[in-house]
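These notes concern the structure reproduced below.
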Number of protein chains: 2
Amino acid sequence: MEAAARVIARRGVRGLRVEELAAEAGVSTALIYYHFKDRAGILRRTLEFISDRAERYTSERETPARPLDPRRELEQTLLLELQDEPVVRENSTAWGELRANAVFDPELREDLAKATLIWVQETAELLGQVSPMSPAASLAASAERLTALLEGLSMRWLSGILPLTHARTLLLEAVAVELERLDRK
Amino acid sequence: MEAAARVIARRGVRGLRVEELAAEAGVSTALIYYHFKDRAGILRRTLEFISDRAERYTSERETPARPLDPRRELEQTLLLELQDEPVVRENSTAWGELRANAVFDPELREDLAKATLIWVQETAELLGQVSPMSPAASLAASAERLTALLEGLSMRWLSGILPLTHARTLLLEAVAVELERLDRK
DNA sequence: TCTCACTGACTGAAAATTCAGTCAAGAGAT
DNA sequence: ATCTCTTGACTGAATTTTCAGTCAGTGAGA
């Protein structure tokens with residue numbers, strides 16, 4: 001699965017060749033078919049693996065030295081996706097691929113929609129901790145904007161047209177902008 | 001080129017078959033190779049074509065019945081990308097493919113970067129007309145956020161996880177949020 | 001001896017790319 | 001006007017390449 005994540009990060013979902021995956025994992029192609037039904041099966045399981053891994057490492061923020069203040073926690077959670085660590089890059093790339101492929105492949109949409117919804121809800125919850133007086137609808141809208149923005153920035157970063165530090169700055173400002181609005185209402 | 005844009009919008013960059021393109025254009029596959037070096041050449045030229053065309057039709061807004069007020073003009077320009085018209089859908093889809101592929105294909109990045117820069121600058125200019133007192137740097141940052149957000153929303157719309165009307169609402173609110181901030185500074 | 005994880009060599013189909021021409025139209029020359 | 005000659009656009013039919021997927025085994029350990 002790790003090899004698959006690496007290959008997808010390097011070539012994209014549609015660029016994944018079973019032979020290349022086998023080479024990356026240091027095994028024969030036949031063994032891949034021993035463990036997976038077919039190429040689609042490889043993809044399905046890999047994307048599951050990646051989203052599990054993403055959840056896991058998103059939750060790792062749960063264990064900082066002492067409870068962070070909510071604003072910082074929100075910021076950290078969002079910025080987690082904008083880091084130049086191999087695992088993060090892999091995950092972001094894979095997510096971007098998943099989204100891009102869902103445009104043409106309805107089969108992928110369900111997983112994508114579910115994962116996105118969860119992410120938006122988590123973000124809305126964090127926003128609610130920072131700005132407890134805000135109505136749920138406003139929190140949800142802010143969360144949708146922030147997560148969609150993050151996806152846009154992430155894509156620009158990964159395609160090399162936006163430096164990482166700049167992406168992070170823009171995101172933090174967006175958080176500030178949204179919070180100011182929430183607090184003012 | 002138009003046929004290629006349509007096929008890409010329908011199948012994606014990786015899904016483009018030379019034979020299908022030929023059929024779409026109503027010519028033989030051999031003719032495609034008469035005009036283009038190879039499949040990669042088709043892709044390169046088509047993506048150039050798409051980004052040129054995008055620039056052109058964004059500028060067409062210059063001719064409304066009477067000059068719109070700047071705020072409306074900004075909103076209309078941004079909302080232009082979020083419409084359920086075949087041409088818009090085609091362009092947004094192809095554009096999304098271009099971005100997604102640039103992650104794996106450095107050859108595509110130059111065009112992408114140039115087109116993105118132009119778009120951000122145009123948006124910054126429109127923002128400047130709405131909020132003339134704001135410093136250029138703030139305008140640029142807001143423009144980057146709004147355009148990146150639009151890309152994120154567009155992707156969600158195209159992959160069917162966000163209804164169009166909701167995407168439009170979120171975008172308009174984002175414009176409001178950014179403008180409030182600019183005016184308050 | 002049996003099973004499990006594994007492999008090298010292969011197949012078939014789909015897709016890309018090339019080849020060997022045809023055809024229509026324009027440019028001189030007669 | 002008609003007759004070559006040339007050229008660019010175009011095609012049908014191969015040929016070549018690329019891949020997913022299969023198969024007949026092998027060796028290690030229970």
Side-chain angles (χ1 to χ4, degrees), chain A residues 1-50 52-53 90 93-94 96-112, chain B residues 1-50 52-53 90 93-94 96-98 100-108 111:
Chain A
M1 302 305 351
E2 280 163 15
R6 283 196 299 275
V7 175
I8 288 180
R10 191 178 332 129
R11 307 277 182 214
V13 165
R14 281 182 266 190
L16 179 138
R17 298 281 106 86
V18 179
E19 224 176 281
E20 185 177 358
L21 165 57
E24 179 78 28
V27 299
S28 63
T29 60
L31 184 63
I32 304 290
Y33 285 94
Y34 178 77
H35 287 290
F36 302 91
K37 187 179 171 297
D38 55 14
R39 187 177 176 281
I42 301 170
L43 257 29
R44 193 161 26 77
R45 298 262 304 266
T46 306
L47 294 171
E48 261 170 44
F49 169 78
I50 288 170
D52 286 0
R53 192 171 64 170
E90 261 175 40
T93 308
E97 276 292 282
L98 182 55
R99 285 194 299 271
N101 278 287
V103 175
F104 305 103
D105 181 357
E107 218 179 286
L108 297 175
R109 290 182 190 178
E110 200 186 332
D111 280 344
L112 182 63
Chain B
M1 304 302 354
E2 281 163 15
R6 283 196 299 276
V7 176
I8 288 180
R10 189 176 336 128
R11 309 276 181 213
V13 166
R14 293 256 184 197
L16 178 139
R17 301 280 162 259
V18 179
E19 211 177 334
E20 184 177 358
L21 165 56
E24 179 78 28
V27 299
S28 63
T29 60
L31 183 64
I32 305 291
Y33 285 92
Y34 176 78
H35 287 291
F36 303 92
K37 188 181 169 296
D38 55 14
R39 189 177 173 282
I42 302 170
L43 258 29
R44 193 162 24 76
R45 299 262 304 267
T46 306
L47 296 171
E48 261 171 43
F49 169 79
I50 289 168
D52 286 0
R53 191 173 64 171
E90 187 188 302
T93 308
E97 277 291 288
L98 175 55
N101 278 277
V103 174
F104 307 104
D105 182 355
E107 220 181 283
L108 298 176
D111 280 342

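Residue numbers begin at 1 in each chain, while the letters A, B, ... track the order of the sequences. Just so it is clear, the values below take in all heavy atoms, side chains as well, and ignore hydrogens, waters and symmetry mates.
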Output the rounded distance in Å from [atom1] ([X]) to [atom2] ([N]).
X	N	atom1	atom2	answer
A:Arg39	D:dT22	CZ	C1'	18 Å
A:Arg11	D:dC19	CZ	P	10 Å
A:Lys37	D:dA20	NZ	C1'	12 Å
B:Asp38	D:dT17	CG	P	15 Å
A:Arg14	C:dA14	CZ	P	20 Å
B:Phe36	D:dG8	CZ	C1'	16 Å
B:Ile32	D:dT11	CD1	C1'	12 Å
A:Glu20	D:dC19	CD	P	10 Å

Give the B/S/- string for nucleotides 23-30 of chain D, one per nucleotide from 5' to 3', where a protein heavy atom under 4.0 Å of the base yields B, of only the sugar-phosphate yields S, and otherwise -.
B-------
Say you draw a straight line from CD of A:Glu90 to CZ of A:Arg53; how long is it, rounded to the nearest 0.5 Å?
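One finds 5.0 Å between CD of A:Glu90 and CZ of A:Arg53.
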Quick check for you: to the nearest 0.5 Å, what is the distance between A:Arg6 atom CZ and A:Thr93 atom OG1?
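Going from the CZ atom of A:Arg6 to the OG1 atom of A:Thr93 covers 13.5 Å.
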If you find the nucleotide of DNA chain C closest to A:Glu19 and the one closest to A:Val27, which residue's nucleotide is nearer the 5' end?
A:Val27
Nucleotide nearest [X] (side chain, heavy atoms from C-beta), chosen from [options]:
X	options	value
A:Ser28	D:dC10, C:dA16, C:dG8	C:dG8
B:Arg17	C:dA15, C:dT18, D:dG21	C:dA15
B:Thr29	D:dA13, C:dA16, C:dC6	D:dA13
A:Leu31	D:dG21, C:dA5, C:dA16	C:dA5

What one should report as the nearest heavy-atom pair of B:Phe49 and B:Ala5 is CE2-CB, 4.4 Å
With respect to the phosphate group of [N], does any side-chain polar atom (N or O) of [X] fall under 4.0 Å of OP1 or OP2?
X	N	result
A:His35	C:dC6	yes
B:Tyr34	D:dC10	no
B:Tyr33	C:dT18	no

Exam field: side chain B:Arg17 to backbone B:Arg11, donor-acceptor pair closer than 3.5 Å
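A pair under 3.5 Å: no.
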Main-chain N/O of B:Val13 paired with B:Glu97 side-chain donor or acceptor, under 3.5 Å
yes
Which part of the nucleic acid does B:Leu16 contact within heavy-atom distance under 4.0 Å: base, sugar-phosphate only, or nothing?
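Answer is sugar-phosphate: B:Leu16 comes under 4.0 Å of backbone atoms only.
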Under the salt bridge (Lys or Arg N to Asp or Glu O under 4.0 Å) rule, collect the residues that match up with A:Arg109, sequence neighbours excluded.
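A:Arg109: no salt bridge (Lys or Arg N to Asp or Glu O under 4.0 Å) contacts found.
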Taking only residues two or more places apart in sequence or in another chain, which ones pass salt bridge (Lys or Arg N to Asp or Glu O under 4.0 Å) with B:Arg45?
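In terms of salt bridge (Lys or Arg N to Asp or Glu O under 4.0 Å), with neighbours along the sequence ignored, B:Arg45 is linked to no residue.
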